[in-house]
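The shown structure was predicted, so the numbers you read here are calculated from the model rather than taken from an experiment. So that the names make sense, note that chain A is the first sequence line, chain B the second, and so on, each numbered from 1.
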2 protein chains.
Amino acid sequence: MARKRFDDSQCSVARALNEVGDWWSLLIVLHAMYGTRRFVDFQQELGIAKNILCDRLARLVENGVLRKVDVGEHGSRFEYRLTEKGRDLFPVVIALRQWGDKWNPAPDQGPLDLRDRATGRPIQEVQVRDADGQSLSIRDVFVPDENLPAGKKNSA
Amino acid sequence: MARKRFDDSQCSVARALNEVGDWWSLLIVLHAMYGTRRFVDFQQELGIAKNILCDRLARLVENGVLRKVDVGEHGSRFEYRLTEKGRDLFPVVIALRQWGDKWNPAPDQGPLDLRDRATGRPIQEVQVRDADGQSLSIRDVFVPDENLPAGKKNSA
DNA sequence: CAATCTGGTTTTAAGATGCAACCCTATTCG
DNA sequence: CGAATAGGGTTGCATCTTAAAACCAGATTG
């Protein structure tokens, strides 16, 4: 049964998930962020079936998250590189990593340690923040009434 | 063919996706953040098949993202409410929304307008930030060598 | 030339999905 | 009181998705 696709959705989150919400897709993006570029490396690192990896890479390329570059070695050597659109998934992936670290940490993986290349200092935790940089939870925010999704009341 | 599950993964992102990476799961969380609580409302708002919604809600409850509360009306009326763990997905969902707004906006949906409840001011964009609050892209950060995933070089 | 590199493509069986019908308990209303 | 409604499921079925494994084809190398 074909999965419902959210192409025509009025919801940006749904549309985003349309492009990166397939099983494996965000992990591929994550590994691309680590620097992985070649088909065989993605495959080995992720332990993904080749046909599925092909499919996901093709989708990510089609959606502009990755671009496929012909490196010209060994007759058919390609690299898959993040586009700007792909790199803009950085906060998504980091936020997800933090969430995982907090609520379901991997046994042998410490918490995320990411440093500012310029200063060597740790990055701030990715949070929703107010104008002054203070962290906000979902209870601290509201959506102005005119911008609510259809049928929603302000009870967030 | 059963999808590969990442329960034993050494990667927190994979483990996180194990819990919220199924098709529909994050959209359910999003709607819960909007305040949706009842089965029939999730179903109608999302346009999801009842059996799939049942499955996803059960998983989210099992994983501690939602809790199922017996409201005691009409014999079997339940509400599904976000736990703290669920609420901590807020930055993930907002980051995803921003990404969607920027790269594949919904036709009739304006960009995210979320306000600080205390001040009415707009929230900051969710970004990876340095210690001083300046935005960082993936090119601006590095992982210390001792914390790299296996086999990764510092070429992010 | 055979072996290797490279990124696929194809086959097949088991799961996942969505649609629609059905189910069962509790409550409400004519 | 019985029918209708509320509520949250459960089931059957056809179709799509997935993973494993085998196969493929062009280019390169020893």
Integer-rounded Å distance: [N] [atom2] and [X] [atom1]:
X     : N      : atom1 : atom2 : value
B:D22 : C:dG18 : CG    : P     : 11 Å
A:F42 : C:dG7  : CZ    : P     : 11 Å
B:R77 : D:dG9  : CZ    : P     : 13 Å
A:R56 : D:dA19 : CZ    : P     : 7 Å
B:N51 : D:dG12 : CG    : P     : 13 Å
B:K50 : C:dG18 : NZ    : C1'   : 13 Å
A:F78 : D:dT28 : CZ    : P     : 12 Å
B:I48 : D:dG8  : CD1   : P     : 15 Å

> Does B:W23 place a side-chain N or O at less than 4.0 Å from the phosphate oxygens OP1/OP2 of D:dT17?
Replying inline: no
> If you check the A:Y80 side chain, which of C:dG8, C:dG18, D:dG7 turns out closest?
Replying inline: C:dG8
> If each of B:L57 and B:A2 is mapped to the nucleotide of DNA chain D with the nearest heavy atom, which maps nearer the 5' terminus, i.e. the 5' end?
Replying inline: B:L57
> Could you walk me through whether B:K85 and B:D88 pass the salt bridge (charged side-chain N to carboxylate O under 4.0 Å, His left out) check?
Replying inline: CA-CA 5 Å; B:K85 182 180 180 180; B:D88 272 0; over 6 Å; no
>> Quick check on DNA chain C: between B:I52 and A:V40, whose nearest nucleotide comes earlier from the 5' end?
In response: A:V40
>> Can you work out whether B:R5 or A:F39 has the more 5'-proximal nearest nucleotide on DNA chain C?
In response: A:F39
>> Whether A:K68 engages the ring of A:F78 as a cation-pi pair (distance to the six-membered ring centre under 6.0 angstrom, angle to the ring normal within 45°) should be assessed.
In response: yes
> Which atom pair, heavy atoms only, marks the closest approach of B:S135 to B:R129?
Replying inline: OG-NH1, 3.6 Å
> What heavy-atom pair brings B:L112 and B:Q98 nearest, and what distance separates the two atoms?
Replying inline: CD2-CG, 4.5 Å
>> Between the base of C:dG18 and the side chain of A:K4, is there a donor and acceptor pair under 3.5 angstrom?
In response: no
> Which of parallel (below 30°), tilted (30 to 60°) and perpendicular (above 60°) describes B:F6 and A:W23?
Replying inline: parallel
